[in-house]
Every structure is written in C-alpha cells, then in structure tokens.
Amino acid sequence: MDVLVCIKRVPDTGGAITLTDDGMGVDSRLLGHTVSPHEEAAVELAVQTAKATGGSATVLTVGTDDSIEQLRNAVALGCTSPVLVEVEPDRLGPADVAGMIADVVRRHEERGTSYGLVLLGNDAADTGDFQVGVRLAYELGRPVVTGVSRFEVDGEEVTARVESTDGTDVYRLPAPAVLTVMEGGVEPRYPSVPGRMKAKKAVVETVEPTHEPVGNGRVRLKLPPAPPTRVEILGEGASAAPAVVDLLEKLGVAR
Amino acid sequence: MSTRTALVLLEPTGGALSEVSAESLTFARHAAAEVHALVVGADASTLAEEAGRLGATVVHGAAATSGDAFSAYAPAAWAAAVVAAVEASGATLVLAAGTPRGNEVLAHVACRLGVAMAANVVQVDGDDGGSMVVSRQVLGGTALEEMRLTDRVALLTVAGHACEIEPAAAPAAAEVRPLDVALDPRDLVVRVVETVAGEPDASGALKSAKVVVGAGRGVGSADGFKEITDLADLLGGAVGVSRVVTSLGWRPHHEQVGQTGSRISPDVYIPCGISGAIQHWAGCSSAKTILAINTDAEAPMVTKAHYAVIGDLHEVVPAINEELRRRRG
Ligand SMILES: Cc1cc2nc3c(=O)[nH]c(=O)nc-3n(C[C@H](O)[C@H](O)[C@H](O)COP(=O)(O)OP(=O)(O)OC[C@H]3O[C@@H](n4cnc5c(N)ncnc54)[C@H](O)[C@@H]3O)c2cc1C
C-alpha cells in the first residue's frame with residue numbers, strides 16, 4: 001500500500017518563547033526546528049506500513065523552503081519522493097492546509113499513485129488546531145480516525161487502535177482512509193548512514209498552492225504573564241532530606 | 001451581554017456528567033444568553049437535573065431514526081446529531097470539551113457546516129453577536145492566540161480548567177427533548193467495534209494520583225528508577241516521566257507527562273532530574289505544589305517550582321526514602 005505522511009516544521013521551543021514585533025508569530029530566528037512527536041510516530045508508521053505491504057511512504061509538507069530540512073530528515077528514516085507545497089504557512093488556516101494536501105493527493109492519483117492511507121499528526125505542535133486530518137478526509141470523501149497510536153493493514157481493511165480512558169478503542173475501516181497519529185504506539189527509529197546519504201540526494205517535488213487561502217482568523221498571539229519566581233530552596237544534597245519530609249508531612253502526603 | 005443560544009455537546013462518563021462537560025456548561029453560560037445541551041449515546045433524562053443545575057434549559061437526547069446507531073461511538077454520526085441539534089435549537093454557538101472526542105466531533109461538525117472551529121479556548125474576549133473573538137491555547141499552552149470567529153455558527157472546544165465549575169443562579173431541571181437524527185450509512189463507517197480493556201488506560205493512575213514523582217534524563221538509565229519508584233510507593237503516588245525518558249525507552253509512554261503525554265494535577269509533584277521544558281510544563285503546571293530536585297539551580301523547573309533541593313537525585317532521593325522509613329519506624 002502506498003502511504004502519504006504529512007509533517008510540519010515547528011520551532012523547537014524548550015524554554016521561553018519570544019513573539020515577533022507584530023505579535024502574529026513566534027520569533028524563531030534563534031531556535032532550532034523539529035516536527036511534533038506525533039508526526040515522528042506517523043513517519044515511523046508510514047515506513048513500517050510501506051515495508052510490510054510492499055508499498056511506498058511519500059512525505060509531504062506545506063511550508064517555506066526551510067521545511068526541506070524536515071522533509072530530508074523523513075527521507076533519512078525511510079520515506080521517499082518528498083513533496084513541498086511551497087507557501088508561507090503563518091497565514092494559512094486548517095481548511096487551507098487540508099485543501100492543499102488534497103490537491104496533491106488528487107494530482108498524484110492522476111499520475112498513477114493512489115494513497116491507501118494518508119497519515120498526519122493528531123495536532124500540530126504550534127497551532128494546535130486539531131482538525132486538518134478531518135478536513136482532509138472530507139475534502140477527499142474518505143473515512144477518518146483521529147488519535148490513532150497503532151494500526152494494521154490487511155488488504156484493503158485497516159484496523160486502527162485509539163487509547164482512551166476506558167482502554168483501547170478498535171476501529172475497522174476500508175482504505176483509502178485518513179488517520180491522524182498520536183505518539184506512544186511505536187518507537188521512532190534513528191536515521192541510518194545510508195538513509196542520510198539518500199536524504200542528501202533526494203529530489204524534492206515543489207508544488208505551488210492552487211487556491212487563495214481563507215486564513216486562520218488570527219488577531220494576534222499573546223504570552224501569559226510569567227509567574228514570579230517563588231521557589232524556596234530546602235537545602236542541598238542528601239542533608240535536605242529531613243526538610244523535605246517535614247514539608248511532605250505538612251502537605252499531608254507523607255502518611 | 002450575548003444574545004446567543006449555545007449548544008453544549010456533553011461527554012457523560014458512566015451515566016453521570018463528566019467534569020469537563022460541567023466546565024463546558026459553565027463556560028457556555030458565561031458566553032451565551034441561553035444554554036442547551038446534547039446527549040448522544042446515553043440517557044438524556046438522567047443528566048437533565050445535573051445539566052439544569054449548571055444552567056442548561058433544554059437537554060436534547062439524540063436517537064437515530066433507525067436502529068441503535070448511537071450505541072457505539074462513531075464520530076461522523078455524533079457530528080450529524082450535533083448538526084440536527086443546532087437546527088432544532090437555533091444555536092449560533094456550539095461547544096464541546098477539549099478532549100480527543102470533543103475535538104474530533106467538532107472538527108466533523110465544522111466540515112459539515114462549512115465553518116471554522118477554535119480548539120482549546122480559554123476565554124471569550126468579545127462578541128458582537130456576529131463576530132466573536134476568543135483566546136485559545138497554542139504552542140502546547142505556552143502562548144494564547146486571539147482568534148476571530150465570523151461564521152453563522154461559532155464552534156469551539158473548551159480547554160481543561162478554563163473555568164471553575166459553578167452552578168447557575170436559579171437552577172432548574174432542564175427540559176428533555178428527544179431529537180431524531182437521520183443518518184447516512186457513511187456516517188457509521190468509522191465506529192468503535194470493540195474496546196479492549198486489557199490495559200485499562202494505563203495512564204489513569206497517573207492522572208488521578210495525589211502525589212506524582214517525576215523523573216527525567218537526570219535519572220541516567222532504565223536501571224536508575226528503583227529509588228524513584230520507591231519514593232512514589234512510600235508516598236502512595238505514581239511515577240510520571242519526561243519525553244526523554246520515554247524516547248530512550250527507559251519507561252513506557254503512558255507515564256509521559258506533558259503536551260504529548262498526560263496532563264496531571266496532583267497535590268504534590270516532585271520532578272527529579274527534569275529541566276522543565278515548556279512541553280513538559282504544559283502537563284504539570286496544574287500541580288498544587290511542586291518540589292523540584294535538580295543539580296542545576298537555574299533549571300526552569302527549579303525556578304518555577306515552589307520548593308527545590310539542589311543536588312544529585314541519586315543522593316537526595318535515597319536520603320528522602322530513608323528519612324520517610326525512619327519516621328515511620
Ligand atoms: C512538539 C513537542 C512536544 C513535546 N512533548 C513533550 C512532552 O509531552 N513531555 C515532555 O516531557 N517533553 C516533551 N517534549 C520534549 C521537551 O522539549 C524536552 O526535550 C524534554 O521535556 C526534556 O526532558 P528532560 O527534562 O528529562 O531532559 P533535559 O532537558 O535534558 O533535562 C535534564 C535535567 O536533569 C538535570 N540533571 C541531570 N543529572 C542530574 C542528577 N544526577 N540529579 C539531578 N538532576 C540532574 C539537569 O540539570 C537537567 O535540568 C516535546 C518536544 C516537542 C518539540
């Protein structure tokens with residue numbers, strides 16, 4: 001089965017973040033970039049599925065040409081034929097991104113590649129819209145399950161598993177389908193040396209967006225006020241233990 | 001004052017109103033003039049009193065026009081029920097909890113109505129009846145986005161703890177109205193066919209624990225967890241870990257705390273050897289008291305904590321365990 005996996009370049013913000021002067025985005029000039037853990041899991045599942053079914057795992061992103069770094073990383077992990085829908089992503093809304101991915105799926109179908117599965121992350125690490133996968137499914141008229149941590153493909157039938165508060169919910173649906181992936185079901189692999197070599201040489205297919213974006217309704221971003229430092233140091237090293245236990249007793253948790 | 005009618009999709013658990021649904025109802029009351037609720041796949045009449053206490057005047061109970069289509073969760077069918085309830089109630093604002101199912105169903109509703117949806121909203125900043133501006137969590141909760149919703153129906157999911165649950169000033173049992181929903185066979189293609197209880201939400205104990213002992217890269221190896229689990233056991237608590245720990249395979253993913261793990265709100269959180277990256281903080285910031293153990297006095301986890309011990313966790317944690325055992329005799 002041929003699989004398309006969609007990823008997004010996001011700032012790797014471990015510490016405090018700074019906004020751009022106009023408040024419309026994150027100032028990422030001094031930050032590294034990465035993809036969400038959900039998308040790392042989606043890439044792993046795409047590569048495993050392609051291998052198990054004798055198909056391919058194509059990787060796609062919607063973004064500026066900086067995102068080629070993330071496409072190449074996915075190729076190093078086993079994806080092929082990277083696709084970049086080249087557009088400034090900050091002003092796009094989830095419906096725009098879904099529409100642009102759908103156009104690529106349709107164009108590749110005309111060229112003879114029909115994706116049995118399209119995988120995305122459950123939610124992007126930056127915009128957190130929780131809807132691109134569902135919108136894509138409606139664009140393509142395909143069934144969709146969100147928050148999938150593992151799935152199996154048997155011919156044209158997909159069995160998808162979603163962790164919930166009651167246990168694991170099992171869905172059985174026909175391909176072609178769309179799944180959004182939640183990290184935790186598989187361990188993403190590390191790139192191999194031949195993988196890295198392949199990634200360097202991979203030719204990126206760059207496509208123009210086909211329609212005017214409707215946008216995302218963003219008025220501005222704002223940062224919640226930083227909480228004041230309030231820390232009380234109980235001590236250093238092992239000698240702090242009595243003070244710690246005094247505190248735990250005071251809080252009523254050291255029975 | 002808003003003149004909108006709001007419709008709240010409830011997510012009952014075991015026949016009762018869940019905490020997140022109670023929050024959604026409270027949130028809706030602040031954002032609308034009138035609040036209706038919708039129950040799918042459960043008995044609306046048993047929830048009417050509780051929904052009424054929280055300000056709902058009507059509870060719509062969805063029933064499929066043919067068969068027992070709502071007996072198992074099917075996101076598209078649930079969305080069809082929401083659309084039917086929007087028509088029946090005249091709602092121009094639809095809310096659900098910012099849970100996996102709340103976000104999933106409203107995303108389907110957004111596609112069916114052809115409107116925008118705002119996920120994980122924490123407050124309504126303004127509303128002139130046609131256009132509404134909301135603040136919602138982005139970047140794992142470290143920033144807020146003000147987003148304008150201008151469609152004929154505004155859709156939003158409510159972030160956890162966005163408001164305190166609060167009963168209505170003049171509570172009354174809500175009127176129960178049956179709602180017929182005509183389903184297309186395609187709405188049932190994606191449906192839960194089985195729920196495997198096997199490992200019943202392994203993260204459940206972590207999410208409900210009063211004490212959580214956190215462990216990060218500072219633990220050093222999978223073998224280094226003995227003292228951490230001992231401390232958790234001594235305090236009757238659970239172990240929660242950083243993503244570094246799960247991606248190195250030291251502990252299972254269901255123990256991960258953070259943006260892509262569990263969100264916890266224990267009375268006491270004791271992060272050991274965790275730097276306090278924003279994605280981790282997103283999952284533990286609701287802890288009432290945080291006691292950090294770290295070699296680095298400048299680590300964000302230390303500066304954001306209420307209390308800290310500066311030192312090597314491999315010395316500090318065993319000493320605390322020893323002291324706890326000693327005092328217990
Ligand atoms: C989109 C996205 C989502 C993410 N989601 C999550 C998530 O859900 N949860 C999560 O945790 N992370 C998440 N991360 C990763 C996050 O950014 C950090 O990389 C991670 O939390 C760091 O883990 P850590 O604190 O264990 O490791 P480090 O950041 O390496 O910190 C180790 C800490 O241990 C201290 N230390 C070292 N040795 C000792 C010792 N002997 N005794 C005491 N202290 C010691 C150090 O001083 C340091 O503070 C996510 C990242 C991205 C980009």
Side-chain angles (χ1 to χ4, degrees), chain A residues 13-15 17 26 36-38 93 125-131 134-135 138 143-147 163-174 183-184 187 216-224 227 229-238 240-242 244-245 247-248 251 253-255, chain B residues 100 103-104 107-108 110-111 116-117 119-120 133 137-140 142-149 189-198 200-201 204 210-211 235-236 243 249 253 260 267-268 277-278 289 291 300 302-311 315-316 319-320 322-324 327:
Chain A
T13 47
I17 58 172
V26 174
S36 153
H38 297 323
D126 53 354
T127 51
D129 286 307
F130 290 80
Q131 55 193 281
V134 175
R135 288 189 183 273
Y138 275 79
V144 55
V145 183
T146 68
E163 301 300 325
S164 81
T165 34
D166 305 326
T168 305
D169 287 335
V170 182
Y171 296 84
R172 231 162 258 127
L173 61 156
E183 79 154 328
E187 290 220 352
N216 52 22
R218 176 174 293 179
V219 179
R220 64 182 180 120
L221 295 182
K222 54 193 180 187
L223 297 178
T229 298
R230 55 188 173 182
V231 65
E232 178 184 328
I233 306 290
L234 295 179
E236 292 193 8
V244 169
V245 177
L247 173 69
L248 295 174
L251 295 171
V253 296
R255 297 157 304 161
Chain B
N103 282 321
E104 182 174 48
H108 280 266
C111 294
M117 159 192 156
N120 290 319
V133 175
Q137 295 175 339
V138 293
L139 289 150
T142 39
L144 295 175
E145 175 188 66
E146 282 178 16
M147 175 179 176
R148 191 184 301 280
L149 294 164
V189 169
V190 172
R191 189 165 193 241
V192 174
V193 291
E194 189 190 349
T195 299
V196 186
D201 187 20
K210 290 259 172 273
V211 180
L235 299 175
R243 182 167 142 81
H253 181 269
T260 55
D267 289 343
V268 183
I278 53 168
T289 300
L291 160 60
V302 172
T303 57
K304 288 182 189 169
H306 304 86
Y307 302 94
V309 174
I310 308 305
E315 291 164 16
V316 179
I320 296 170
E322 203 41 53
E323 181 70 11
L324 281 166
R327 291 199 196 181

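In what follows, every chain begins at residue 1, and chains take the letters A, B, ... in the order their sequences are listed.
Of all the listed residues (B/Asp267, B/Leu149, B/Leu235, B/Val316), the one sharing the greatest number of non-hydrogen pairs under 4.5 Å with chain A is B/Leu235. Per-residue counts of heavy-atom pairs under 4.5 Å with chain B were compared for A/Ala240, A/Pro37, A/Ser36; the largest is that of A/Pro37. The candidate with the highest count of non-hydrogen atom pairs below 4.5 Å against chain B, out of A/Gly93, A/Pro174, A/Gly128, A/Pro242, is A/Pro242. Highest contact tally toward chain B, considering only A/Arg172, A/His38, A/Glu236, A/Arg230, is held by A/Arg230 [criterion: heavy-atom pairs under 4.5 Å]. Across A/Asn216, A/Val253, A/Leu173, the residue that shares the most heavy-atom pairs under 4.5 angstrom with chain B is A/Val253. Note: A/Val219 leads A/Thr127, A/Val145, A/Val219 in heavy-atom pairs under 4.5 Å with chain B. Chain A forms more heavy-atom pairs under 4.5 Å with one residue of B/Val302, B/Val138, B/Leu144, B/Val189 than with any other, namely B/Leu144. Highest contact tally toward chain A, considering only B/Ala119, B/Gly249, B/Pro100, B/Gly311, is held by B/Ala119 [criterion: heavy-atom pairs under 4.5 Å]. Interface remark: of the candidates A/Gly235, A/Pro143, A/Gly147, A/Gly235 forms the most heavy-atom pairs closer than 4.5 Å to chain B.
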Inset, instruction - Using the side chain to side chain contact (heavy atoms under 4.5 Å, CB included) rule, take A/Glu232 and B/His306 through it: C-alpha gap first, then chi angles, then the decisive distance, then the call. - result: CA-CA 6 Å; A/Glu232 178 184 328; B/His306 304 86; over 6 Å; no

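Within the 4.5 angstrom heavy-atom criterion, atoms from both the backbone and the side chain of B/Val309 approach chain A. Of the atoms belonging to B/Thr260, heavy atoms from both backbone and side chain fall under 4.5 Å from chain A. For A/Val26, the part lying under 4.5 angstrom from a heavy atom of chain B is the side chain only. With a 4.5 Å cut-off on non-hydrogen atoms, B/Val268 touches chain A through its side chain but not through its backbone. With a 4.5 Å cut-off on non-hydrogen atoms, A/Glu187 touches chain B through its side chain but not through its backbone. Interface residue A/Tyr138: only side-chain heavy atoms are found under 4.5 Å from chain B. With a 4.5 angstrom heavy-atom cutoff, B/Asn103 touches chain A via backbone and side-chain atoms both. Contact annotation for A/Leu251: only side-chain heavy atoms (C-beta onward) come within less than 4.5 Å of a heavy atom of chain B.
Taking both residues in full, the closest heavy atoms of A/Pro224 and B/Ala143 are given as CD-CA, 4.1 Å, listed atom of the first, atom of the second, then distance. Looking at every heavy atom in both residues, B/Ala110 comes nearest to A/Arg135 through CB-NH2, 3.4 Å. When all heavy atoms of A/Val231 and B/Ala308 are compared, the closest pair comes out as CG2-CB, 3.7 Å.
B/Leu291 is listed as a side-chain neighbour of A/Leu234, based on a closest heavy-atom distance under 4.5 Å. At a threshold of 4.5 Å between non-hydrogen side-chain atoms, the residues A/Val245 and B/Ile320 count as touching. Residues A/Val144 and B/His108 have side chains in contact (heavy-atom distance under 4.5 Å, counting atoms from C-beta outward). Inter-residue side-chain proximity for A/Val244 and B/Tyr307 is flagged as unmet; no heavy-atom pair is nearer than 4.5 Å.
Under the salt bridge (charged side-chain N to carboxylate O under 4.0 Å, His left out) criterion, B/Glu146 pairs with A/Arg220, A/Lys222, sequence neighbours left out. Taking the salt bridge (charged side-chain N to carboxylate O under 4.0 Å, His left out) definition, one finds that B/Arg327 meets it with A/Asp246, A/Glu249, B/Glu323, sequence neighbours left out.
Atoms CD1 and CD1, from A/Ile17 and B/Ile278 in turn, are 5.5 Å apart once rounded to the nearest 0.5 Å. In this structure, B/Thr289 OG1 and A/Leu248 CG are separated by 10.0 Å, a value rounded to the nearest 0.5 Å. Residue B/Thr195 holds its OG1 atom at 4.0 Å from CG of A/Asp169, rounded to the nearest 0.5 Å.
In terms of modelled atom types and a separation under 3.5 Å, the side chain of A/Gln131 and the main chain of B/Met117 share a donor-acceptor contact. Looking only at distances, no side-chain donor or acceptor of B/Arg191 sits under 3.5 Å from a matching main-chain atom of A/Tyr171.
A/Arg218 CZ: more than 12 foreign heavy atoms inside a 6.0 Å radius.
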